Amino acid sequence: MTKFYFFCHSGLGKSTLVNTLFKSQVSRKSAGWARDEKIPKTVDIKSVSHVIEEGGVKMKLTIVDTPGFGDQINNDNCWEPISKYINEQYEKFLKEEVNITRKKRIPDTRVHCCLYFISPTGHTLRQLDLEFMKRLSHSVNIIPVIAKSDTMTVEEKQEFKQRVRKELETNGIEFYPQKEFDDDMEDKSDNDKIREAMPFAVVGSDKEYQVNGKRVLGRKTAWGIVEVENPNHCEFAQLRDFLIRSHLQDLKEVTHNIHYETYRAKRLNENGGLHPICDTQESNL
Amino acid sequence: MCQLGPASSGSGSEGEASLSRRFPEIEGGSRSNMTANIRYKSRIPVKTEDSIEEKQYVGFATLPNQVHRKSVKKGFDFTLMVAGESGMGKSTLVNSLFLTDLYKDRKLLNAEERINQTVEIIKHTVDIEEKGVKLKLTIVDTPGFGDAVNNNECWKPITDYIDQQFEQYFRDESGLNRKNIQDNRVHCCLYFIPPFGHGLRPVDVEFMKALHEKVNIIPLIAKADCLTPNEIKKLKDRIREEIDKFGIKVYQFPECDSDEDEEFKQLDKELKECTPFAVIGSNTVVEARGQRVRGRLYPWGIVEVENQSHCDFVKLRNMLIRSHMHDLKDVTCDVHYENYRAQCIQEMTSKLAQDNRMESPIPILPLSTPDVETEKLIKMKDEELKRMQEMLNKMQQQMHEKDQ
């Protein structure tokens, strides 16, 4: 089972992108807040699971959404509910693992990937972006993505990406694929190419239009049609290939072998080690 | 025979001369002002009925021309504030609106440098001229607004600034030398709403509510080229709804006069239904449809800033500059400033009533001392009157005793 986790301010096209990525309605699009619904005061965590199939291969995909993130006037510590959620999943897995009688296949609810949507201001990262990524890049694979990139011209995109990469580097934020986990030279060169192209500037759409005789996914404006899968228009295709066609398994492995192990080591060093769980010890955790 | 023509209080010949000075289209020549006025209308053949009309033509129909000349000589000024998060295209839009480059040497701060930045207020002033009319344009920028993690009360520096300008004007107005009052009051605030959301965010609502009674707010949807026409319509409807719901008083276009023609009324109606305007700005010129226009070049097409089917930039420019600039100034002076002034005076008088000492929080002493002075005078006169009354009573008594 693969679990995808999406974050950002509402309105940056998360749901549309997810639906476009998986070519199915896996994410319910929020049409904005319903008339009497207010923007939630705290960050909500909503998770929805689907089983999708392709070529005989089944995948259980869970999308975890965080409506309300960054929407308040005071967003101090709005990353805490998210951090807590991620750690809770690790904890669940850990508990199962140290059990005396444990299941053969431990249900894996850990978060394998976090797509962080950056607002396409064209200037730099926002403070909130930095704070969030700093805190979470060590516990989960973060893939930064520039949302709604049809608002930038080609030059603006390049400049923005360069600035964002530089800022991430200056602040010591390692996004996936992390340099330190490259297995060998071949991996490194592949991943280097990807790192140079990140963050991917994407556009999502679930509507089809006729362009040059073909039906394509796109966005129609008065001055032209933005084609989602056209590499000259945006980097959606690159993101999809990277995320699903080449690195899906690797995302899971890095989560299991590195992030989870880090968490486990930290937990085992506290409390002088973990004992096989019995109910009375719940309170210690 | 009454003297006709502009405020001339001299003899006939003087009046003529002044007339021909002021209205070069009037030929000078004959003695009486009446004849000069006939020449002013000289293109119409004179008939006997007209001379009766001529007798009833006083001449103050030329007042608009006089006002025009004086204003052009004096020049105009306008203060525009732009507010919104960074990256909304505020500077680009201002440059596009006024066809200037106000931000040539701007350096963008990176996110780390911005961590401890509070909201600043920066003024840029530029003198521009068009067809002989001079405009002193001041743009008040608010970098840092809404950029922090915690944006509590991030609008406070802005409301403080606006209040300060009102206070300064209030003081100048109450002062002794009122010849050269500098008017730095903010006439209009363009507020940029991000197109990425689903409507107004809490920070948008709070900002507008804090400012709607101090300045004319015009909300705009920024970077509108990332929205399809459908999305723009939905967002506009949503924002208008929320503005109503939260009771935000944005700048309202004045109603058309009932005697305007239908076409104008139709245009006016369309303008009102188009708010908030969805705008795009550009600092670059691109080639589109054989012409060089301001626009943005994308791989999938070219967005033209001045194309009405692409965005509402033209509508905004027409409204802001070509038809309602003066009304914005009027509303600022007649409504927002007067509210501030009334509030100020009320606070002052209630404070004075509370404690009789002359300690006023706002040092507008020139205003309070005359009152105290006259009070003193009145008191003195009262006492004098009392004394005189007593003396009179004494004298009366003496006389009465004498009589007896």
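Chain identifiers are assigned alphabetically (A, B, ...) following the order of the sequence lines, protein sequences preceding nucleic acid strands; residue numbering begins at 1 within each chain. Only a predicted model underlies this, so the values are computations on that prediction, with no experimental measurement involved. Below, each value reflects all heavy atoms present in this structure, side chains not excepted, and no hydrogens, waters or symmetry copies.
Between the CD atom in A:E155 and the CG atom in B:L297 there is a gap of 7.0 Å [rounded to 0.5 Å]. With rounding to the nearest 0.5 Å, the separation of CG in A:L128 from CG in B:N151 is 9.5 Å. In this structure, NZ in A:K157 is found 9.0 Å from OH in B:Y298, a value given to the nearest 0.5 Å. Distance check: B:L227 CG to A:K148 NZ gives 6.5 Å after rounding to the nearest 0.5 Å. With rounding to the nearest 0.5 Å, the separation of OG1 in B:T228 from CZ in A:R219 is 5.5 Å.
You'll find the side chain of B:W300 reaches within 4.5 Å of the side chain of A:D150, heavy atoms only. B:S309 has its side chain out of reach of A:W223: every pair of non-hydrogen atoms, C-beta onward, lies at least 4.5 Å apart. Contact of the B:R201 side chain with the A:Q72 side chain is not registered, since no non-hydrogen atoms from C-beta on lie closer than 4.5 Å.
Residue B:S86 comes nearest to A:H123 through the heavy atom pair CB-ND1, 4.0 Å, listed as atom of the first residue, atom of the second, then distance. Contact between A:I73 and B:W155 at its shortest, heavy atoms only, is CD1-CH2, 4.0 Å. Considering all non-hydrogen atoms of both residues, B:N152 and A:N74 come closest at ND2-ND2, 3.7 Å. Taking all atoms of both residues into account, the shortest heavy-atom contact from B:P299 to A:H233 is CB-CD2, 3.7 Å.
The 12-atom threshold is exceeded at NZ of B:K315, counting heavy atoms of other residues, nucleotides or ligands nearer than 6.0 Å. Around the CD atom of B:Q291, the shell of radius 6.0 Å holds no more than 12 heavy atoms that belong to other residues, nucleotides or ligands. Around the CD atom of A:E169, the shell of radius 6.0 Å holds no more than 12 heavy atoms that belong to other residues, nucleotides or ligands.
Heavy-atom pairs under 4.5 Å with chain A peak, among B:K234, B:E153, B:E231, B:E304, at B:E231.
With hydrogens and angles disregarded, no donor-acceptor distance shorter than 3.5 Å links the side chain of B:K223 to the backbone of A:M152.
Against chain B, no residue from residues 193-205 of chain A qualifies, as none has a non-hydrogen atom under 4.5 angstrom away.
When heavy atoms are compared at a cutoff of 4.5 Å, B:E242 does not approach chain A at all.
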